[in-house]
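In what follows, a structure is listed as structure tokens, so that the remarks can point back to it.
Below, all heavy atoms of this structure are taken into account, side chains as well, without hydrogens, waters or symmetry copies. Values in this document were obtained by computation on a predicted structure and should not be read as measured data. Counting convention: from 1, in listed order, for ligands and their atoms alike.
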Amino acid sequence: MRDMIKPHIVLGITGGIAAYKSAELLRLLTKQGVSVQVVMTDAACRFITPTTMQALSGRPVYTDQWDAREPNHMAHINLSREALAIVIAPASADFIAKIALGLADDLLSTLCLARRCPLLIAPAMNREMWQNKAVQRNIEQLVNDGVQVLGPGSGLQACGEEGMGRMLEPLQLAQQVATLFHPKILSGKKILITAGPTYEAIDAVRGITNRSSGKMGYAIAQAAIEMGAEVTLVSGPVALAAPFDAKVIKVESAAQMYEAVMESVAACDIFIAVAAVADYRAATPSEQKIKKSAAPLTLELVPNPDILAQVAAMKNPPYCVGFAAESENLAEYAEQKRRTKKLPLLVGNIAQHAIGSDDNELILFDDNGRHPLPRADKLTLARELIQQIAQRYEGDKK
Ligand code: C5P
């Protein structure tokens, strides 16, 4: 979020075992450049200490309606006026009932009632509690009141039972909160993104792949969602959590990636090919494991389809953006690639600096020359890149 005023939110924590995850959520939010004022209920303080949350937020935590630190004794007004949003994570069944009724008997509930900003809640409770008619009634009331309900998710619960009621993971919540702070310049636009490597089987256990973590493609998907786009992410094998709200199609080989892209491309406005697609695959992959022997082994490789080049060559192509990771002569190779594949925009980076790392630096190549995006973490770069793409896409349409 360089060049942006630091957004400020209130993170409210209520009493539930998922409160231990709020520390991670706070860390992720501050890492994203959000300043956070933590407010905890009495019950929350039984699960996690204000000391932890103060250390991570760099601000004293508020727990008391009668906090004497506020000169006018109106913490509930002051804290809510400073915030762009109030996020309650975890939101217990009791707290949900309280705000559905409009009660204001502690600092956090009073703050919710006095707010002018959006309220987001991440429910967390046992599955029977979540399914209880009273809780569902309260949730319905809150949705009607304009409160944004994030989750809950399903899975193993702290009580040992399994089902709906788990708080969403901190990363998913941080991604949802981040969408509040970005202009919706891609609202109504459909974006198709490829990410990660492809894996081309040689036999049952061996294969050819490219080094790619998928981090840049996933960050671009996240940034596009934050700015209002509807995102389809065609992903090769990576160890990353999918961005919240993206439609993810998991593939393994270049041929599968090609199929998935061709199925979705007609409906999309912008196509961003970030995947490191294997250029070749084995001509005849063996179903069984090839037995080792002392003799040399020759593999016949055949070229894979160039997905991006084929999309760009369509009759009415979407706005196409390519990526080029080069180990040398970046400017020369990138511009060459842009012309060969007939792309309006190609994003170049130095492979040794980019692969697997959390940050990167990019150079944009278009008809007007080169435009560097200086080193930053991949999400910051992705947001800048999406803004650049949105401007060019709009310009292109005129
Ligand atoms: O030709 P090269 O592989 O270096 O081009 C890189 C760009 O082309 C990337 O955007 C990549 O996602 C895309 N590409 C593709 N299909 C291939 C090879 C590359 O879409 N088979």
Side-chain angles (χ1 to χ4, degrees), residues 191-201 207-221 223-224 231-238 240 248-266 268 270-283 301-314 317-355 360 362-366 373 378 381-382 385-386 388-389 392-393:
I191 303 199
L192 178 62
I193 300 169
T194 64
T198 65
Y199 175 87
E200 314 297 326
I208 306 168
T209 189
N210 280 335
R211 280 185 62 201
S212 164
S213 64
K215 285 179 187 168
M216 194 69 228
Y218 275 55
I220 290 170
V231 171
T232 302
L233 178 62
V234 180
S235 172
V238 296
L240 295 173
V248 183
I249 305 173
K250 289 192 176 160
V251 296
E252 198 170 83
S253 65
Q256 290 168 352
M257 187 171 272
Y258 174 85
E259 290 296 321
V261 165
M262 290 307 163
E263 261 171 40
S264 309
V265 75
C268 86
I270 299 173
F271 175 52
I272 312 176
V274 197
V277 185
D279 291 319
Y280 299 92
R281 66 180 184 278
L301 299 178
V302 291
N304 272 325
D306 190 315
I307 305 167
L308 175 58
Q310 294 211 21
V311 171
M314 284 168 50
Y319 185 84
C320 287
V321 182
F323 262 73
E326 299 295 343
S327 57
E328 57 174 359
N329 299 334
L330 175 64
E332 185 193 333
Y333 292 157
E335 187 51 26
Q336 215 173 11
K337 222 163 256 186
R338 188 176 83 84
R339 290 183 188 283
T340 319
K341 300 196 192 211
K342 299 193 172 62
L343 307 172
L345 179 63
L346 186 125
V347 184
N349 55 181
I350 295 289
Q352 302 90 309
H353 298 170
I355 294 170
N360 198 359
L362 304 175
I363 304 179
L364 275 52
F365 297 86
D366 64 12
L373 294 184
K378 286 182 174 171
L381 278 175
L385 176 62
I386 285 292
Q388 296 277 342
I389 293 173
R392 284 171 173 76
Y393 169 77

Are a donor atom and an acceptor atom from the side chains of Ser213 and Tyr218 found within less than 3.5 Å of each other?
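No, Tyr218 and Ser213 have no side-chain donor paired with an acceptor closer than 3.5 Å.
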Closest heavy-atom pair and its distance - Tyr319, Leu345:
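Scanning both residues completely, I find the closest heavy atoms to be OH-CB, 3.7 Å.
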Atom pair [atom1] ([X]) and [atom2] ([Y]), whose distance is rounded to the nearest 0.5 Å:
X: Lys250; Y: Leu233; atom1: NZ; atom2: CG; result: 10.0 Å
X: Leu308; Y: Lys342; atom1: CG; atom2: NZ; result: 12.0 Å
X: Leu343; Y: Phe323; atom1: CG; atom2: CZ; result: 12.0 Å
X: Ile191; Y: Ile270; atom1: CD1; atom2: CD1; result: 4.0 Å

Extract all N/O-N/O pairs under 3.5 Å that connect ligand 1 to the protein, and present each with both atom names and the distance rounded to 0.1 Å.
| residue | atom | partner | partner atom | Å |
| --- | --- | --- | --- | --- |
| ligand 1 | 1 (O) | Lys341 | NZ | 2.9 |
| ligand 1 | 4 (O) | Lys337 | NZ | 2.3 |
| ligand 1 | 5 (O) | Lys341 | NZ | 2.9 |
| ligand 1 | 8 (O) | Lys341 | NZ | 2.9 |
| ligand 1 | 10 (O) | Ala273 | O | 2.6 |
| ligand 1 | 10 (O) | Phe323 | N | 2.8 |
| ligand 1 | 10 (O) | Phe323 | O | 3.3 |
| ligand 1 | 12 (O) | Ala273 | O | 3.3 |
| ligand 1 | 12 (O) | Ala275 | O | 2.6 |
| ligand 1 | 16 (N) | Ile307 | N | 3.0 |
| ligand 1 | 20 (O) | Leu308 | N | 2.9 |
| ligand 1 | 21 (N) | Pro305 | O | 2.8 |

